[in-house]
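Just so we're clear, the structure is a prediction, and the values are computed from it rather than from any experiment.
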Amino acid sequence: MPRSSRSARTTATIASTAASTAAAARPARRRLPALAALAAATALVAGAAAPAYAADPAPVAPVAEGRPGFHPEQDFAGSTVAAREGRSTAAPFASLAATQTPGLDVSGYQGNVNWSSVAANGAKFAYVKATEGTGYTNPSFAQQYNGSYNAGLVRGAYHFALPNASSGATQANYFVSHGGGWSADGKTLPPALDIEYNPYGATCYGLSQSAMVSWIRDFSNTVHSRTGRYPTIYTTTNWWSQCTGDNGGFGTTNPLWIARYASSVGTLPNGWGYQTFWQFADSGTFPGDQNYFNGAADRLRALALG
């Protein structure tokens, strides 16, 4: 299915879920590799402001995992971004000075992926959704995670966060135990945390800014204790500012995977001087979302090695 259809279907599903749920509720310290830092420092994009986010949707009753309205197969890295921040049709990458290495991210939405074709088209890495909350594992994870590896891509797993459902440590442990591990083979990226707009209601999942920072730190520290790597953090600048109070405490430990569907990366979240990955479009050459690693292929392998 074309990605544009996926985006439309996801937006419709979220809107339908919010409406039906609302109706029912009315009655009642490891530093990033110096090599990667050097490559990325030349790629800083100055001055471009991030787009304004859309208004927060009306509050709705929380959707419980595994209950009606829960749609993890529709949730993926960026599933909420275009609807909240928009997208540009301008060509990306124009103002980046460093070599950019192309890749993609996929989820259960894509099903089985033709990885030989993906590799032939130039992809060098892939992030694959493994889990969401503590009640969902991607049914296509093995084919996507192992298939990308066998096709020669550097690959990693990501977790779609539901911070209002359980603690950061609980979700981190579930993630690591269901595909979110890491090995120093030079072909496995750090595990990643997808923390973005809530597809089930209020943007910040009902958490205060300080509580959200604590949740992310709990998740991050648990992944580090289980795998030896701090997770990559996938987010947008606007979400980060609104929901963490623009916290600057993760930039020295956690690689940044920024989402912005525009011709430039724009302003980055506080604490990061550069992005490690940039999700610049939600459709294109590869299945799923289109990404760049901020450096050449040998720097990508250096990041994978840790």
Side-chain angles (χ1 to χ4, degrees), residues 29-33 35-37 39-40 43 76-78 81 100-107 124-132 138 144-145 148 153-161 163 168 171-172 175-176 179-196 213 215-237 239-240 244 247-260 265 268-280 288-295 299-306:
R29 206 118 125 120
R30 171 160 142 160
R31 296 240 169 204
L32 302 183
L35 294 171
F76 46 85
V81 172
Q100 301 293 294
T101 301
L104 66 155
D105 63 87
V106 294
S107 67
K124 301 301 183 185
F125 69 91
Y127 262 117
V128 177
K129 180 179 178 180
T131 52
E132 179 170 337
N138 173 8
Q144 295 173 348
Y145 191 73
S148 55
L153 278 68
V154 181
R155 51 77 159 113
Y158 78 85
H159 173 78
F160 193 97
Q171 291 190 35
F175 171 49
V176 173
W182 176 77
S183 57
D185 56 7
K187 293 183 69 176
T188 304
L189 293 169
L193 170 65
D194 175 2
I195 188 87
E196 59 178 277
V213 170
W215 193 97
I216 295 169
R217 193 170 304 285
D218 195 24
F219 184 98
S220 177
N221 288 341
T222 302
V223 168
H224 181 258
S225 70
R226 290 282 306 272
T227 69
R229 299 299 301 269
Y230 285 104
T232 299
I233 293 178
Y234 170 98
T235 194
T236 78
T237 298
W239 186 93
W240 191 262
T244 74
N247 184 273
F250 293 89
T252 58
T253 51
N254 301 73
L256 173 64
W257 181 7
I258 190 70
R260 189 167 191 252
V265 174
L268 298 178
N270 186 32
W272 284 282
Y274 59 89
Q275 79 285 355
T276 299
F277 298 97
W278 173 23
Q279 187 190 74
F280 64 86
D289 302 300
Q290 317 299 294
N291 294 268
Y292 283 125
F293 168 74
N294 193 10
R299 301 304 91 209
L300 179 67
R301 291 188 291 273
L303 173 66
L305 280 170

From [atom1] ([X]) to [atom2] ([Y]), nearest 0.5 Å:
X	Y	atom1	atom2	result
R229	T253	CZ	OG1	11.5 Å
N247	I216	CG	CD1	8.0 Å
F175	T227	CZ	OG1	8.5 Å
S107	Y158	OG	OH	5.0 Å
T188	L305	OG1	CG	9.5 Å
F125	L189	CZ	CG	7.5 Å

Check whether any side-chain N or O of [X] sits under 3.5 Å from a backbone N or O of [Y] as a donor-acceptor pair, and report yes or no.
X	Y	result
D194	A77	yes
N294	Q275	yes
Q290	G288	yes
R155	Y145	yes
S220	Y230	no
W182	A304	yes

Exercise for the section: Please say whether the positively charged group of R260, taken as NZ for Lys or CZ for Arg, lies over the ring of F280, i.e. under 6.0 angstrom from the six-membered ring centre and within 45 degrees of the axis. Expected result: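 Negative - R260 is either too far from the ring of F280 or too far off its axis.
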Practice task
Could you tell me whether K129 sits above the aromatic face of F160, with NZ or CZ closer than 6.0 angstrom to the six-membered ring centre and within 45 degrees of the axis?
Solution key: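 Flagged: K129 positioned over aromatic ring of F160.
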Does any part of the side chain of [Y], heavy atoms only, come nearer than 4.5 Å to the side chain of [X], both counted from C-beta?
X	Y	result
T235	P269	yes
L303	T276	yes
L193	T232	no
L153	L104	yes
N138	Q144	yes

Practice task
Report yes or no: do H159 and Q171 form a side-chain donor-acceptor pair below 3.5 Å?
Solution key: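 Yes.
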What pair of heavy atoms forms the shortest contact from [X] to [Y], and how long is it?
X	Y	value
P231	P255	O-CD, 3.9 Å
V81	A259	CG2-CB, 4.3 Å
N291	W257	OD1-NE1, 2.8 Å
P191	G181	CG-O, 3.9 Å
L300	F293	N-CE2, 3.3 Å
L268	G273	CD1-C, 4.0 Å

Problem - T236: partners by side chain to side chain donor-acceptor pair (under 3.5 Å), with sequence neighbours left out - result: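 Partners of T236 under the side chain to side chain donor-acceptor pair (under 3.5 Å) test: E85.
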Practice task
Apply side chain to side chain donor-acceptor pair (under 3.5 Å) to T222 and list each qualifying residue two or more places apart in sequence or on a separate chain.
Solution key: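 Side chain to side chain donor-acceptor pair (under 3.5 Å) check on T222 returns nothing, list empty.
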Exercise for the section: Could you tell me which residues satisfy ring pair (Phe, Tyr, Trp, His ring centres under 6.0 Å) with W215, sequence neighbours excluded, listed by chain and number? Expected result: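 F219.
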Problem - Check: W272 ring centre within less than 6.0 Å of W240 ring centre - result: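 Under 6.0 Å, so yes.
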Problem - Sub-6.0 Å ring centroid separation between Y234 and Y127 - result: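 Centroid distance Y234-Y127: not below 6.0 Å, so no.
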Practice task
Go through the steps for Y292 and F277 under the test ring pair (Phe, Tyr, Trp, His ring centres under 6.0 Å), then give the verdict.
Solution key: CA-CA 6 Å; Y292 283 125; F277 298 97; over 10 Å; no
